[in-house]
Amino acid sequence: MDDQHPNAERTSSVPSLPALVDLYLLRCQVEGKSVQTVIAYRYTLGRFLRSLSEDGVPLEVAAIQQEHLYRYLGRFTQLSLDTRHRYFREVRCFFNWVTASGYLGATPFAHLRNVRLPQKIVRVFTPDDLRQLLAACPATPLGARDRAVVMTLLDTGLRVSELVRLTLDDLDFATQRLRVLYAKGNKQRVVAFSDDCGQEILRLLRVRGNEPGPLFCASDGHGSLRQTVALRPNGVKQMLRRLGRATGLAKVHAHRFRHTFATWAIEQGARELDVQLLLGHSSPDMVRRYASSYNSELAARRHGEFSPARLLSGT
């Protein structure tokens, strides 16, 4: 019997590399990947194809060897580790699909290692930080919105992209819940909010009104709210930056609220699964990173109990 590879006949007419990239992006769309994800993949894979052309490499999938991947990745050594990690990961995912689809016998990424990302310790807000931020919101309709945004980010751990797409219909005061219908990865969920957060949302509704539409509205440029126009992510970014300048606090950004939510929840004994579900993570990996930050801080607090320098001095 002929010892031919089962995909030999198919690989004899394998589409070109650009054609496979187009097919892969179509597959991502068919499988429901977000528009932002598909845009990111298209950019990264397009950059990969351009680098191959500039190096004179044939745009055929079977022609790609490890040396070509090293040359491609070597173009980005001056960029951040996060960016380099993403460029590696997204091209590797493409080749994994090419291999799994039978267009290639083995992926050229088989023995390549991605850069290791540093485990960053993100400083969370302190209670005093949050009091300062809330106090910096003026007693105006815009200030009521800003206070409600700050409290909702803190109390729910929502992503900015999720917060700005909330509507009045997603708010349920009876159960103190918010429906998140436009979550990352199209994974809808429900999050809870406390009485304190609810009070800030009620103050917002007194100036916003009860008309259907976005819960958090954009400014009209004169200190009032435009009921039918949703606050945009960049608007949240600018608002938090403004509060940071007003209070003198550094790095006032939305993800820090999300990290604070997770860290405070873990500190108060929340289960890892609780935090994972409320934050909308598909795996516990990110929650463990939050827990690592908290454990580092907890170890620092306990240092006084076993400080070698203190033991040396006998105090």
Side-chain angles (χ1 to χ4, degrees), residues 124-125 127 129-220 223-233 235-237 239-240 243 252 254-271 273-281:
V124 301
F125 289 116
D129 290 339
L130 273 305
R131 294 186 192 101
Q132 289 185 60
L133 291 173
L134 291 169
C137 298
T140 62
L142 203 58
R145 183 206 65 184
D146 294 350
R147 285 181 64 93
V149 167
V150 167
M151 285 295 283
T152 302
L153 287 174
L154 173 68
D155 208 35
T156 65
L158 287 176
R159 301 177 177 93
V160 169
S161 59
E162 298 167 344
L163 178 128
V164 297
R165 300 187 73 173
L166 291 172
T167 69
L168 200 61
D169 287 340
D170 298 325
L171 175 65
D172 187 343
F173 272 111
T175 60
Q176 293 186 225
R177 299 288 188 272
L178 283 167
R179 293 184 308 170
V180 184
L181 300 182
Y182 300 98
K184 185 176 180 180
N186 295 323
K187 295 185 288 288
Q188 298 181 359
R189 70 185 189 280
V190 174
V191 297
F193 60 87
S194 67
D195 289 336
D196 294 309
C197 180
Q199 288 301 314
E200 296 300 338
I201 295 176
L202 277 174
R203 292 188 182 98
L204 166 63
L205 294 181
R206 291 191 189 108
V207 296
R208 177 205 174 279
N210 293 313
E211 296 296 321
L215 178 58
F216 299 106
C217 305
S219 167
D220 66 354
S224 296
L225 301 176
R226 302 171 65 186
Q227 290 183 349
T228 60
V229 180
L231 180 63
R232 297 175 65 84
V236 177
K237 181 179 180 180
M239 181 268 286
L240 294 177
L243 291 179
V252 180
H255 188 71
R256 193 173 175 190
F257 283 91
R258 191 166 163 83
H259 197 109
T260 299
F261 169 86
T263 304
W264 286 15
I266 292 168
E267 187 172 11
Q268 295 302 313
R271 298 180 306 162
L273 181 60
D274 295 333
V275 179
Q276 177 186 332
L277 293 175
L278 289 172
L279 291 180
H281 287 305

Inset, instruction - State, with a plain yes or no, whether a side-chain heavy atom of F216 is found less than 4.5 Å away from one of L166. - result: yes
Legend entry - Shortest non-hydrogen separation from L279 to A262 and the atoms involved: CD1-CB, 3.9 Å
Inset, instruction - Walk me through it: do L142 and L225 pass the test side chain to side chain contact (heavy atoms under 4.5 Å, CB included)? - result: CA-CA 7 Å; L142 203 58; L225 301 176; 3.8 Å; yes
Inset, instruction - Looking only at non-hydrogen atoms, find the nearest pair between E200 and A148 and report the distance. - result: O-CB, 3.8 Å
Legend entry - CA sep, side-chain torsions, deciding dist, call: V190, T175, side chain to side chain contact (heavy atoms under 4.5 Å, CB included): CA-CA 11 Å; V190 174; T175 60; over 6 Å; no
Legend entry - Heavy-atom side-chain proximity of L243 to V150 below 4.5 angstrom: yes
Legend entry - Audit row: L171, L178, side chain to side chain contact (heavy atoms under 4.5 Å, CB included) steps and yes/no: CA-CA 5 Å; L171 175 65; L178 283 167; 3.7 Å; yes
Inset, instruction - Check for a donor-acceptor pair, side chain of R189 on one end and backbone N or O of L278 on the other, with a separation under 3.5 Å. - result: yes
Inset, instruction - For R177 and A192, indicate whether the former's side chain and the latter's backbone hold a donor-acceptor pair under 3.5 Å. - result: no
Inset, instruction - Check whether any side-chain N or O of R147 sits under 3.5 Å from a backbone N or O of A139 as a donor-acceptor pair, and report yes or no. - result: no
Inset, instruction - Evaluate the side-chain proximity of T152 to L215: yes if any heavy-atom separation is below 4.5 Å, no if none is. - result: no
Legend entry - Non-hydrogen side-chain atoms of L205 and L168 separated by less than 4.5 Å: yes
Legend entry - For the student: nearest non-hydrogen atoms of A144 and V207, plus distance: CB-CG2, 4.1 Å
Inset, instruction - First locate atom CG of D155, then atom CZ of F261, and finally report the distance between them rounded to the nearest 0.5 Å. - result: 7.5 Å
Inset, instruction - Measure across Q176 and D195 and return the closest heavy-atom pair with its distance rounded to 0.1 Å. - result: OE1-OD1, 2.8 Å
Inset, instruction - Output, in order, the C-alpha distance, side-chain angles, deciding distance and verdict of side chain to side chain contact (heavy atoms under 4.5 Å, CB included) for Q188 and R179. - result: CA-CA 8 Å; Q188 298 181 359; R179 293 184 308 170; over 6 Å; no
Inset, instruction - Could you tell me whether the side chain of D129 reaches within less than 4.5 Å of the side chain of V252, counting heavy atoms only? - result: no
Legend entry - Euclidean distance, D170 CG relative to E162 CD, rounded to 0.5 Å: 11.5 Å
Inset, instruction - Could you grab the distance from atom CZ of F257 to atom CE of M151, nearest 0.5 Å is fine? - result: 10.5 Å
Inset, instruction - Enter the distance from M239:CE to S219:OG here, rounded to the nearest 0.5 Å. - result: 11.5 Å
Inset, instruction - Taking the side chain as every heavy atom from C-beta outward, state whether P212 and T167 have any pair of such atoms under 4.5 Å apart. - result: no
Legend entry - Distance-minimising heavy-atom pair for L240 and A254: CD1-N, 3.5 Å
Inset, instruction - Give the minimum heavy-atom separation between L231 and R145, together with the two atoms involved. - result: CD1-NH1, 3.5 Å
Inset, instruction - Evaluate the side-chain proximity of P127 to R131: yes if any heavy-atom separation is below 4.5 Å, no if none is. - result: yes
Inset, instruction - Please work out whether the ring planes of F173 and F193 are parallel, tilted or perpendicular, with thresholds of 30° and 60°. - result: perpendicular
Inset, instruction - Please confirm whether the backbone N or O of P214 pairs with a side-chain atom of R208, one donor and one acceptor, at under 3.5 Å? - result: yes
